[in-house]
*Asks:* 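For reference, the structure I am asking about is given below.
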Amino acid sequence: MRLSRYFLPALRETPSEAQIVSHQLMLRAGMIKQNGAGIYTWLPLGLRVLQKIEAIVREEQERAGAVELLMPTIQQAELWKESGRYEAYGKEMLRIVDRHEREMLFGPTNEELITDVFRSFVKSYKQLPLNLYHIQWKFRDEIRPRFGVMRGREFLMKDAYSFDLTPDAARQAYYRMFCAYLNTFSRMGLKAVPMRADTGPIGGDLSHEFIILADTGESAVFCDRELVDMAPPGLDLDFQADLKPEFDRRTALYAATEEMHDPARFEREVPEERRLSARGIEVGHIFYFGAKYSAPMRAHVTGPDGKDAPVEMGSYGVGVSRLAAAIIEASHDERGIIWPAAVAPFTAAVVSLRPDDAAVSAVCESVYGALLKAGVDVLYDDTPERPGAKLSTLELAGVPTLVVVGPKGVKAGVVEVRDRATGSVVEMSAEAAIQSLVGTSGG
RNA sequence: CGGAGUAUAGCUCAGCCUGGUAGAGCGCUUGCUUCGGGAGCAAGAGGUCGUUGGUUCGAAUCCAGCUACUCCGACCA
């Protein structure tokens, strides 16, 4: 992408409405624009990040055996009346009336819809286990949205729903998602700690929140330090196997959010030097809730004994749009965002210090062309801005690697390769710069 | 929903107290000089001062209503 043809409306000053660093940086880097309280347009750079996050979530869901579909944003009220949540959900649910005076709603979640899909098509235990997921915009009319997309009213969420015949099988489905989540967050460069969670209004008796640690996190968390650096299960994990040992190993140590925190137990179970009190951001939440929806909505399957029973369900959410902000909270410095390569909007940028210099432009074009051809997500800054302004903007936007091409370097036969995270600046031939990027870019 | 603020140029803000017809910096346009860390000079464009009403000879300024946004609390991926 040539920056001269791109749309990157970066701001030099911080808009006054932004309180936390991720919101400030997202506005300044031209990722989002606010429309109303908790409602945002995703500008091109922000959309790229969102799509990278989505892609990772999708790959790891598929790896764990989940199947993607897409449910609507606007739903009819009927199913919610059936489950009993139309009254129970309260004002957070945005209710809409259509031209025929029918009651509609903008979905805050999708248990009812998916349960309806399931009961329409699945009748036998032989079609189980099943895990269906989608990545869709949701709306919750929060009393007080804040912190940009961290707690918006409209947000993009991945939610998966598992269906099993027995509680034991349902627990295995839960363990699969548990492991998939750890791999998912790890791939985004995050250290996520699973914490025993309150099941809240969704109900059920088994639930974990996935928390990433960040000073600006909205909830206080308490855990054993060992958990923070525990490696994820890994992409070669066998999702067909019994994952209970894996799950048990990762939930044996103390980890709790404020609501579930038991100070006495914390002190009893965790040696003092390993006690970690920090702040965290919830980026995922998984629930096992059995027949909470399948019973009232009569989503029954016939078992091998010929008897019908409500299907055992669980639901598994990832806050996709929230993750964009959460990653920034966990990875930034005074100059701006530091994207982990896997979610960076562009993995590299070629920066022409002198677009009016033919020799400089020739080197830029050849590097840019080679990187494009190799499938690297590369931005080419061919604009006539001054060097300082260019570098500042690209550092603000967090591009992981810059290939800086200037007249001095070109005369000496070198370009500069700058690493955003470490700040290192290395001179090398254009050829070597291309090689280093093609070799390391994971796409 | 309770409490507290804010609303003036694209952005950050001043002006309001003490009423007299709107400013700065950055950004934008044009030209020249510059060009390796957010350039300099010159000339420009850009605002029904959130909105409605009231007071007044006269309102960005004083008063009231409304709306939007932000912050603190209860709620949440």
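Predicted, not measured: the structure shown is a model, and the values here were computed from it. Throughout, protein chains are lettered first and strands after them, A, B, ... in sequence-line order, and every chain is numbered starting at 1.
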*Asks:* Do the ring centers of A:His285 and A:Phe287 come within less than 6.0 Å of each other?
*Replies:* yes
*Asks:* Shortest non-hydrogen contact from A:Gly217 to A:Ile281?
*Replies:* CA-CG1, 3.6 Å
*Asks:* Round to a whole Å and report the spacing from CD of A:Glu218 to P of B:C76.
*Replies:* 11 Å
*Asks:* Each nucleotide N or O in nucleotides 24-30 of chain B that has a protein N or O under 3.5 Å away: list the pair and distance.
*Replies:*
from: B:G25; atom 1: N2; to: A:Glu13; atom 2: OE1; distance (Å): 3.0

*Asks:* If you apply the rule side chain to side chain donor-acceptor pair (under 3.5 Å), what do you find for A:Thr109 with A:Glu111, and how did you get there?
*Replies:* CA-CA 6 Å; A:Thr109 178; A:Glu111 279 85 3; 2.7 Å; yes
*Asks:* With hydrogens left out and only the distance checked, is there a donor-acceptor pair under 3.5 Å joining A:Arg146's side chain and the base of B:C72?
*Replies:* no
*Asks:* Is the closest side-chain heavy-atom distance between A:Met195 and A:Met260 below 4.5 Å?
*Replies:* no
*Asks:* Determine the Euclidean distance between corresponding C1' atoms of B:U56 and B:U18; express it in Å to zero decimal places.
*Replies:* 16 Å
*Asks:* Looking at residues 62-77 of chain A, who's got a heavy atom less than 4.0 Å off RNA chain B?
*Replies:* none
*Asks:* For A:Met150 and B:U70, give me the distance from atom CE to atom P, rounded to whole Å.
*Replies:* 15 Å
*Asks:* For this output row, return yes or no: ring centroids of A:Tyr288 and A:Tyr174 closer than 6.0 angstrom.
*Replies:* no
*Asks:* Give the rounded distance in Å between these two atoms: CG of A:Asp381 and C1' of B:G36.
*Replies:* 14 Å
*Asks:* I'd like to know whether A:Asp382 forms a side chain to side chain donor-acceptor pair (under 3.5 Å) with A:Ser4, so could you lay out the CA-CA distance, the side-chain angles of the two residues, the decisive distance to 0.1 Å, and finally the verdict.
*Replies:* CA-CA 6 Å; A:Asp382 57 343; A:Ser4 61; 2.7 Å; yes
*Asks:* Say we look at B:U55 and B:C41: how far apart would their P atoms be, to the nearest angstrom?
*Replies:* 50 Å
*Asks:* Quick one: look up who B:G44 pairs with, Watson-Crick or G-U, both distances under 3.5 Å, and put none if it's unpaired.
*Replies:* B:C28
*Asks:* Tell me the closest heavy-atom pair linking A:Ala324 and A:Val49, and the distance in Å.
*Replies:* CB-CG1, 4.2 Å
*Asks:* Under a 4.5 Å cut-off applied to non-hydrogen side-chain atoms, are A:Gln34 and A:Glu17 in contact?
*Replies:* yes
*Asks:* Applying a 3.5 Å limit to both distances, which nucleotide forms a Watson-Crick or G-U wobble pair with B:A4?
*Replies:* B:U70
*Asks:* What interatomic distance, in whole Å, is found between P of B:U70 and the corresponding atom of B:U12?
*Replies:* 13 Å
*Asks:* Round to a whole Å and report the spacing from CD of A:Glu427 to C1' of B:G36.
*Replies:* 11 Å
*Asks:* Base, sugar-phosphate, or nothing for A:Gly317, non-hydrogen atoms under 4.0 angstrom?
*Replies:* nothing
*Asks:* Using the C1' atom on both, measure B:A9 against B:G27 and round to a whole Å.
*Replies:* 11 Å
*Asks:* A:Asp381 versus A:Val350: any side-chain heavy-atom pair under 4.5 Å?
*Replies:* no
*Asks:* Students often get this wrong, so: under 4.0 angstrom with heavy atoms, is A:Val320 touching a base, only sugar-phosphate, or nothing?
*Replies:* nothing
*Asks:* Rounded to the nearest Å, what distance is computed from the CG atom of residue A:Leu394 to the C1' atom of nucleotide B:G36?
*Replies:* 15 Å
*Asks:* Between A:Arg2 and A:Tyr368, is a side chain to side chain donor-acceptor pair (under 3.5 Å) present by the stated rule, with each step listed?
*Replies:* CA-CA 9 Å; A:Arg2 285 171 197 270; A:Tyr368 175 57; 4.9 Å; no
*Asks:* Are the aromatic ring centres of A:Tyr6 and A:Phe346 under 6.0 angstrom apart?
*Replies:* yes
*Asks:* Go nucleotide by nucleotide along RNA chain B from the 5' end; which of A:Gly409 and A:Ser321 gets its closest nucleotide reached first?
*Replies:* A:Gly409
*Asks:* Without swapping roles, check the side chain of A:Arg335 against the backbone of A:Leu396 for a donor-acceptor pair under 3.5 Å.
*Replies:* no
*Asks:* Does the side chain of A:Ile74 come within less than 4.5 Å of A:Asp98's, by heavy atoms?
*Replies:* no
*Asks:* Name the nucleic acid region contacted by A:Gly152, choosing base, sugar-phosphate or nothing; use a 4.0 angstrom heavy-atom cut-off, strictly under.
*Replies:* base
*Asks:* Just name whichever nucleotide pairs with B:C62, Watson-Crick or G-U, keeping both distances under 3.5 Å, else none.
*Replies:* B:G54
*Asks:* Check whether any side-chain heavy atom of A:Ile135 sits under 4.5 Å from a side-chain heavy atom of A:Gln61, and report yes or no.
*Replies:* no
*Asks:* Mind checking the C1' distance from B:A7 to B:A60? Whole angstroms is fine.
*Replies:* 11 Å
*Asks:* Using a 4.0 Å heavy-atom cut-off, does A:Arg153 contact any base of the nucleic acid, only the sugar-phosphate backbone, or nothing at all?
*Replies:* nothing
*Asks:* Remember a base hit wins even if backbone is also touched, and classify A:Leu353 as base, sugar-phosphate or nothing at under 4.0 Å, heavy atoms.
*Replies:* base
*Asks:* Counting the atoms with a prime plus P, OP1 and OP2 as sugar-phosphate, which does A:Glu395 contact under 4.0 Å by heavy atoms, base, sugar-phosphate, or nothing?
*Replies:* base
*Asks:* Measure CZ/A:Arg151 against C1'/B:A74 and give the value in whole Å, please.
*Replies:* 11 Å
*Asks:* Heavy atoms within less than 4.0 Å of RNA chain B: which residues of residues 27-40 of chain A have one? Give them sorted by number.
*Replies:* A:Arg28, A:Gln34, A:Gly36, A:Ala37
*Asks:* Mind checking the C1' distance from B:G54 to B:A42? Whole angstroms is fine.
*Replies:* 48 Å
*Asks:* Could you identify the nucleotide paired to B:A9, looking across every strand shown and requiring Watson-Crick or G-U wobble geometry with both distances under 3.5 Å?
*Replies:* none
*Asks:* For atom P, what is the distance between B:C49 and B:U21, given to the nearest Å?
*Replies:* 14 Å
*Asks:* Rounded to the nearest angstrom, tell me the gap between atom CE in A:Met260 and atom P in B:C76.
*Replies:* 14 Å
*Asks:* Check the phosphate of B:A74 against A:Arg144, side-chain N and O only, distance under 4.0 Å to OP1 or OP2. Yes or no?
*Replies:* no
*Asks:* Does A:Leu394 reach the side chain of A:Leu379, with side-chain heavy atoms less than 4.5 Å apart?
*Replies:* yes
*Asks:* Could you go through nucleotides 40-47 of chain B and list every protein N or O atom that sits under 3.5 Å from one of its N or O atoms, giving the distance for each pair?
*Replies:*
none

*Asks:* When rounded to the nearest Å, what value does the distance between C1' atoms of B:A59 and B:U48 take?
*Replies:* 14 Å
*Asks:* Watson-Crick or G-U wobble partner for B:A39, using a 3.5 Å limit on both distances?
*Replies:* B:U33
*Asks:* For the residue pair A:Met313 and A:Phe289, establish whether any side-chain heavy-atom pair is separated by less than 4.5 Å.
*Replies:* yes
*Asks:* Less than 4.5 Å apart, any side-chain heavy atom of A:Arg279 and any of A:Asp215?
*Replies:* no
*Asks:* Which residue pairs pass the salt bridge (charged side-chain N to carboxylate O under 4.0 Å, His left out) test when at least one of the two sits in residues 38-51 of chain A, sequence neighbours left out?
*Replies:* A:Arg48-A:Asp377
*Asks:* Out of A:Glu103, A:Glu78, A:Glu112, which residue meets the side chain to side chain donor-acceptor pair (under 3.5 Å) rule with A:Tyr86?
*Replies:* A:Glu103
*Asks:* Can you list, in residue-number order, the parts of residues 14-24 of chain A that come under 4.0 Å of RNA chain B, counting heavy atoms only?
*Replies:* A:Thr14, A:Pro15, A:Ser16, A:Glu17, A:Gln19
*Asks:* Yes or no on side chain to side chain donor-acceptor pair (under 3.5 Å) for A:Tyr254 and A:His261, after CA distance, side-chain angles and deciding distance?
*Replies:* CA-CA 9 Å; A:Tyr254 188 93; A:His261 184 48; 2.8 Å; yes
*Asks:* For a quick check of understanding: with a heavy-atom distance under 4.0 Å over all strands, which category does A:Asp159 fall into, base, sugar-phosphate or nothing?
*Replies:* nothing
*Asks:* Which nucleotide, in any strand shown, forms a Watson-Crick or G-U wobble pair with B:C16, with both distances under 3.5 Å?
*Replies:* none
*Asks:* To the nearest Å, give me how far apart NZ (A:Lys390) and P (B:A39) are.
*Replies:* 13 Å
